[in-house]
Amino acid sequence: MSQISLTFPDGNQRNYDAGVTPADVAASIATSLAKKAISATVNGAHWDMQWPITENASIAINTMKDDAAALELVRHDLAHIMARAVQEIWPDVKVTIGPVINNGWYYDFDRKAPFTPEDLGLIEKKMKEIINLRDEVRTEVWDRDRAVQHYKDSNEPFKVELIESIPGSDPIRMYWHGHWQDLCRGPHLQNTGQVPADGFKLMSVAGAYWRGDSAREQLQRIYGVAFLNKEALKAHLNMLEEAAKRDHRKLGREMDLFHMQEEAPGQIFWHPNGWKIYTTLQDYMRRQQERGGYVEVNTPQVVDRKLWEASGHWEKYQENMFIVEVDEEHAREKAVNALKPMNCPCHVQVYNQGLKSYRDLPLRMAEFGSCNRYEPSGALHGIMRVRGFTQDDAHIFCREDQIEAETKKFIEFLSAIYKDLGFENFAIKFSDRPDTRSGSDEVWDKAEGALKSATEAAGYEFELNPGEGAFYGPKLEFVLTDAIGRDWQCGTLQVDFVLPERLDANYIGEDGAKHRPVMLHRAVLGSFERFIGILIESFAGRLPFWLAPRQVVVAAIVSDADEYCREVAAALRAKGIRAELDLRNEKINYKVREHSVGKVPVILACGMKEVEDKSVSVRRLGEKQTSVVSLDAIIETLTTESKAPDLA
RNA sequence: GCUGCUGUAGCUCAGUGGUAGAGCGCACCCUUGGUAAGGGUGAGGCCGGGAGUUCAAUCCUCCCCAGCAGCACCA
């Protein structure tokens, strides 16, 4: 048998027979290592202890101390252990797939009766039993036909379909956790006992489509989270609890920002406090847009279907549109309108008024455009995903050769705003050409190239979403993350070659001939509603002073100080600071607690001492310490703090 | 839209086949208290909507609506 040379992390090399497994290698070093090993890293690849190594390679033996490898294996083995547990309890349940995800894993099952929360408890108990059995994990590569036959014999149709979709050149690998067998590419632990029995928890069960296809069977997906020990699991569950506390729906109620009700699903009733955030943010955006060279317009909400037919929305987007039919008494036919789901067609109408010259380009046309979309009921989520919302929308009409410069300018514009609003970090996703698209490959090449090089020139990296572009052009998406790690697309920039064509937008070039402009659809916040939701969660309700709906509460400690409190509040209001009075017949402790819970950034408490000194006792949100400062000083301080970042 | 769960006072939630309860909040009274809940009294509910079973439904069944989790969707 031929020999191969394995190089260890410390640089040492040893020779082994070709086909040696990491288990053999570990055993050759120390029996204790062989026992506690969980996997190997061979030439950078995560390697099962049972897989043979046939060539010279670098090798590292992983133990539970190697967090990344250990977490992946633990979660992956738990997926198998859970599937085994489920089939041991309910032998007729069909298994499908069970990958590792963030913080844990899931496994999709086909079973008629739904899993109940009690079932999850049963499964968890069974899983712990399996772990305690310390069953050996074993693997074999099978012949494709044998694997298919096996799963046909054992009546596992989803597995048959999986095998048939594995490319012909790939091996079909089987794994056994004890007696229980599953198709799996591996790697896995050496035995089930290597899984920490107190480091995991089954979290929830929900429907999920087979292969992510809503036309296919709906399966039941059980989610679990897993960590290397009890403490880490506890920390994770704790984090989830903390995240739930900053849910914008909860804080929206507590801070009296908005509400929603059955009669208007997916639409927001803004209360005074919430609307103050909204208008403050809008005022800020308006100033930024003016500086950024945009002109602002406003266009109709209810627009005849003729325009939507021309734009292509009627054909491609109708099921997401609110259709408004009007029987006009004296009209000969029924007028059919739609609430605008997007602003772009209306903006082209504005653009098309009068002849445009190449000298007018780029023309950046902005609108705080109120849109309505009939979103699927299951998609609605607080104020983050709604049916009525306002975009900070703009369309840049430009020449093809201006795409790159405009894109770069936009990314810089957006990142400055995100920074002002407290988001230093955001992800950029780049979606390139989909299979069905309009426009020539040559034009797509140019547009994709322009977006990519503009992103790089602005100093950002992007993640590629292959084939996810719109049919009319490639796009950039700017993504922020909420309190529990869910991503929300906020900003976007989409190149559009199609709409100017469909709505016949043009400009007169230097050559005196008509040319077609390109449109860049772009938004920074995306929608005010979603963005405010993210702001609330990101700051856990403790908005920066300039955005806080209630900035100051002036609270009397004794009622003899009421008159002075009125003076203080009036003085602050004269400086444009949002100050409220609390002269209620309550103790200062009570008032402090209530306004702290209400996330008011500054409480100014006044008793007789303050009345006499013309001072205030300042308590900042989140600080236990108070300080007494003069009225003049606090007015000056808070006046400065109340300025929006662009005015400071 | 799909699967599952949920819907009782403004909020958070108990509860029962014989039309309801707590805490907080709210109102009033007492209390003027120095930085995260002072005390008392009281008001407040078509038990999400509709139909059915029943002598009787908030409770059981069916349909609808809305919310929650996940999936799909987000051109």
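Below, chain A is the first sequence line, B the second, and so on; all start at residue 1.
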How close or far is atom C1' of B/C73 from atom NZ of A/K316, stated in whole angstroms?
17 Å
Polar contact flag, side-chain donor to acceptor under 3.5 angstrom, A/K340-A/T299
yes
Using 4.0 Å as the upper bound for N to carboxylate O, is an ion pair formed by A/E477 and A/K475?
yes
Rounded distance (Å) that lies between atom P of B/G34 and atom NZ of A/K609:
13 Å
Quick check, are the ring centers of A/F269 and A/H259 under 6.0 angstrom apart?
yes
Ignoring hydrogens and geometry beyond distance, is the side chain of A/R373 in donor-acceptor contact with the base of B/C73 at under 3.5 Å?
no
Is there a donor and acceptor pair, one atom on the side chain of A/R619 and one on the base of B/A36, closer than 3.5 Å?
yes
Taking any heavy-atom pair under 4.0 Å as a contact, classify A/K591: base, sugar-phosphate, or nothing.
nothing
Sugar-phosphate, base or nothing in reach of A/A470, heavy atoms under 4.0 Å:
sugar-phosphate
Stems with RNA chain B, 3 or more Watson-Crick or G-U pairs in a row (under 3.5 Å), are B:1-7 with B:65-71, B:10-13 with B:21-24, B:26-30 with B:38-42, B:48-52 with B:60-64
Which part of the nucleic acid, if any, lies within reach of A/Y317 when heavy atoms closer than 4.0 Å are counted: base, sugar-phosphate only, or nothing?
base
Considering just the side-chain nitrogens and oxygens of A/Y223, establish if one lies under 4.0 Å of OP1 or OP2 belonging to B/C71.
yes
Between A/Q220 and A/D108, do the side chains contain an N or O donor and an N or O acceptor separated by less than 3.5 Å?
no
Contact class for A/M321 (heavy atom, under 4.0 Å): base, sugar-phosphate, or nothing?
nothing
Please say whether the positively charged group of A/R216, taken as NZ for Lys or CZ for Arg, lies over the ring of A/Y209, i.e. under 6.0 angstrom from the six-membered ring centre and within 45 degrees of the axis.
no
Check ion pair A/R516-A/E501 (N to O, under 4.0 angstrom)
yes
Atom CD of A/E594 and atom C1' of B/A37: how far apart are they, to the nearest Å?
10 Å
Scan nucleotides 41-46 of chain B nucleotide by nucleotide, 5' to 3', and note B when protein non-hydrogen atoms come under 4.0 Å of the base, S if they reach only the sugar-phosphate, - if neither.
------
Scan A/R111 against the nucleic acid and name what it touches under 4.0 Å (heavy atoms): base, sugar-phosphate only, or nothing.
nothing
Is the shortest side-chain N to carboxylate O distance from A/R211 to A/D213 below 4.0 Å?
no
Answer with base, sugar-phosphate or nothing: what part of the nucleic acid does A/G382 contact at a heavy-atom distance below 4.0 Å?
sugar-phosphate
Would you measure the distance from the P atom in B/C64 across to the matching atom in B/G1 and give it in whole Å?
10 Å
Is it true that A/Q318 and A/E309 share a donor-acceptor pair across their side chains at a distance under 3.5 Å?
no
Give A/E610 one of three labels, base, sugar-phosphate or nothing, depending on what nucleic acid heavy atoms sit under 4.0 Å from its own.
base
Contact class for A/F471 vs. all strands (heavy atom < 4.0 Å): base, sugar-phosphate, or nothing?
sugar-phosphate
Whole-Å distance separating the CZ atom of A/F258 from the P atom of B/C11:
14 Å
Students often get this wrong, so: under 4.0 angstrom with heavy atoms, is A/V558 touching a base, only sugar-phosphate, or nothing?
base
With sugar-phosphate meaning primed atoms plus P, OP1 and OP2, does A/K475 contact a base, only sugar-phosphate, or nothing at under 4.0 Å between heavy atoms?
sugar-phosphate
Is any side-chain N of the basic residue among A/E623 and A/R620 closer than 4.0 Å to the acidic one's carboxylate O?
no
Mind checking A/P376 for me? I need base, sugar-phosphate or nothing, with any heavy atom below 4.0 Å counting as a touch.
base
Which part of the nucleic acid, if any, lies within reach of A/R249 when heavy atoms closer than 4.0 Å are counted: base, sugar-phosphate only, or nothing?
sugar-phosphate
May I ask you to say what A/R253 touches in the nucleic acid, namely base, sugar-phosphate or nothing, with a heavy-atom cut-off under 4.0 Å?
sugar-phosphate
Treating A/N372 as the side-chain partner and A/M321 as the backbone partner, does any N or O pair qualify as donor plus acceptor under 3.5 Å?
no
Step through it carefully: locate the ring centre of A/H521, locate the ring centre of A/Y472, and say whether they are under 6.0 Å apart.
yes
Hey, does A/G312 reach any base, or is it just sugar-phosphate, or nothing, if we go heavy atoms under 4.0 Å?
nothing
